[in-house]
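Single-structure report; data block below.
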Amino acid sequence: MKDRGYYEGFGGAYLPEILIATFDELVETFQAAKNDPGFWREYVDIMSTYSCRPTPLTFAENLTRKFGGARIYIKREDLNHTGAHKANNVMGQGLLVKRMGKTRVIAETGAGQHGVAAATMAARFGFKCTIYMGEVDVQRQRPNVFWMERLGAEVITVREGTRILKDAINESFRDWVTNMDTTHYVLGTACGPHPFPEMVSFFQSIIGKEAREQILEIEGRLPSRIYACVGGGSNALGIFQSFLDDPVELVGVEAAGKGLETGQHASRLSSKDASVGVAQGYKTYFLQDHDGQMKETHSVAAGLDYVGVSPILANFSEKGRIRFESATDKDVVDALSLTIRKEGLIPALESAHAFAQAFKEASAMSKEDIVLINQSGRGDKDIFTVADAFADPKWQEFIKNKAEEYHA
Ligand SMILES: *Cc1c(COP(=O)(O)O)cnc(C)c1O
């Protein structure tokens with residue numbers, strides 16, 4: 001186990017002894033499934049009848065005209081069930097849970113999107129489901145908690161530590177150690193101990209497989225650049241993987257939050273503020289202080305607000321195969337507004353980071369160039385944050401009236 005799952009020094013599986021057999025079983029099940037062509041067919045079949053795959057590639061004609069440079073295409077992961085690429089991961093892991101004969105799933109969630117996706121999968125497959133969520137997040141993300149409970153999941157509020165995502169991850173591991181015979185931990189991104197980075201990337205690779213075929217069919221050639229936002233790294237690896245051997249520039253965009261110089265951001269690979277360490281069972285760049293204490297991170301996009309990053313991306317960053325940039329909250333809200341008005345698309349605030357970086361670069365490219373932006377999710381979920389950012393008075397009035405109804 002110790003020698004597996006390393007990406008030139010990053011990754012690994014730093015596990016308590018008691019979980020080793022469970023991880024061995026997971027690695028075996030995953031490897032067998034990966035080498036079974038029937039399994040990928042089963043996966044594609046369920047994704048096409050339950051989650052709108054293949055998702056289309058949309059030519060952004062108006063944005064292309066506005067910037068006057070590269071032709072801009074958008075990969076529409078927002079059209080997945082539950083509104084983001086997260087469906088690809090949870091449904092794939094659900095199929096593995098069936099293969100292992102387990103009956104219960106647990107998951108951690110920060111913003112709540114992964115919790116909703118995992119609870120949806122559990123409802124579909126008939127698994128029991130427990131979601132761990134920090135108390136601070138439970139308070140901020142009530143709509144997602146509401147849907148998880150309607151979907152039949154038990155949502156457990158974590159009151160340990162700083163009461164956010166990393167504390168929810170710790171609680172999930174604690175549960176797993178106690179219930180590993182019946183339970184699988186559905187980790188939400190391409191992080192954590194081996195085999196999670198590889199396994200989550202494998203399921204998300206459906207994005208790039210489709211996008212590569214689609215762009216070749218539409219344009220007859222490959223894009224010059226591909227942009228994707230980077231939280232844990234799963235949607236970025238999902239689209240990038242199919243282009244690693246091509247002369248295509250890959251650009252991962254992290255959250256610069258209030259600005260890199262303020263320290264209030266979540267840029268692990270595009271700032272100098274992160275360092276290599278081991279936490280949560282794997283080795284990567286973490287935003288931590290000299291004593292290895294995790295720093296507080298900030299982003300307008302809750303899904304990018306994470307202290308670690310995929311070990312696979314950390315390795316590609318060191319090798320120079322993927323370029324990492326960051327976009328500030330302000331850049332992101334501007335890019336979102338523009339995309340809504342020009343194309344009638346509403347990207348998630350996370351995805352809007354990729355749009356913001358592409359918009360900075362598109363004008364300087366030639367009309368022969370093609371760029372691909374991964375729209376990892378849809379923005380309806382962000383209505384509270386976006387309405388605040390625009391200080392929309394009619395929205396504020398609506399919220400006030402709603403609150404008064406409950407007081408009455
Ligand atoms: C969760 C989420 C992300 C961040 O996760 P990655 O693993 O980095 O892809 C990005 N976009 C959306 C819409 C999300 O819901």
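In listed order, ligands and their atoms are each counted from 1.
The shortest N or O to N or O distance between N235 and ligand 1 is below 3.5 Å. Among the atoms of G232, some N or O lies under 3.5 angstrom from an N or O of ligand 1. The shortest N or O to N or O distance between K381 and ligand 1 is not under 3.5 Å. Inclusion of G231 in the set of residues having an N or O under 3.5 Å from an N or O of ligand 1 is warranted. At a 3.5 angstrom cut-off on N or O pairs, G377 does not count as close to ligand 1.
Atom CG of N35 sits in a crowded spot, with more than 12 heavy atoms from other residues, nucleotides or ligands closer than 6.0 Å. Within a 6.0 Å sphere centred on NZ of K330, other residues, nucleotides and ligands contribute 12 heavy atoms or fewer. Surrounding CZ of R341 are at most 12 heavy atoms belonging to other residues, nucleotides or ligands under 6.0 Å away. Around atom NZ of K66, no more than 12 heavy atoms belonging to other residues, nucleotides or ligands sit under 6.0 Å away. Surrounding CD of E296 are at most 12 heavy atoms belonging to other residues, nucleotides or ligands under 6.0 Å away.
No close placement of the W395 and F390 rings is indicated, their centers lying 6.0 Å or farther apart. For W176 and Y132, the gap between ring centers reaches or exceeds 6.0 Å.
Judged by distance alone, with hydrogens and angles left aside, the side-chain atoms of T182 form no donor-acceptor pair with the main-chain N or O of R104 at under 3.5 Å.
Residue-level proximity to ligand 1 for S234 is carried by backbone and side chain together, each with a heavy atom below 4.0 angstrom. With a 4.0 Å heavy-atom cut-off, ligand 1 is reached by no atom of H114. Contacts between K86 and ligand 1 below 4.0 angstrom, taking non-hydrogen atoms only, involve the side chain exclusively.
Remark: minimum distance from atom 7 (O) of ligand 1 to any protein heavy atom is reached at T189 OG1, 2.5 Å. In terms of protein heavy-atom proximity, atom 4 (C) of ligand 1 is closest to G303 O, 3.4 Å. Protein heavy atom at the shortest distance from atom 12 (C) of ligand 1 is S376 OG, 3.5 Å.
Per-residue contacts place H85 under 4.0 angstrom from the following atoms of ligand 1 (heavy atoms of the residue considered): 2 (C), 3 (C), 6 (P), 9 (O), 10 (C), 11 (N), 12 (C), 14 (C). For ligand 1 and A348, the ligand atoms under 4.0 Å from any heavy atom of the residue are 13 (C). Listed by atom number, the atoms of ligand 1 under 4.0 Å from G233 heavy atoms are 6 (P), 7 (O), 8 (O).
Distance check, rounded to the nearest 0.5 Å: CD of E77 to CD of Q204 gives 7.5 Å.
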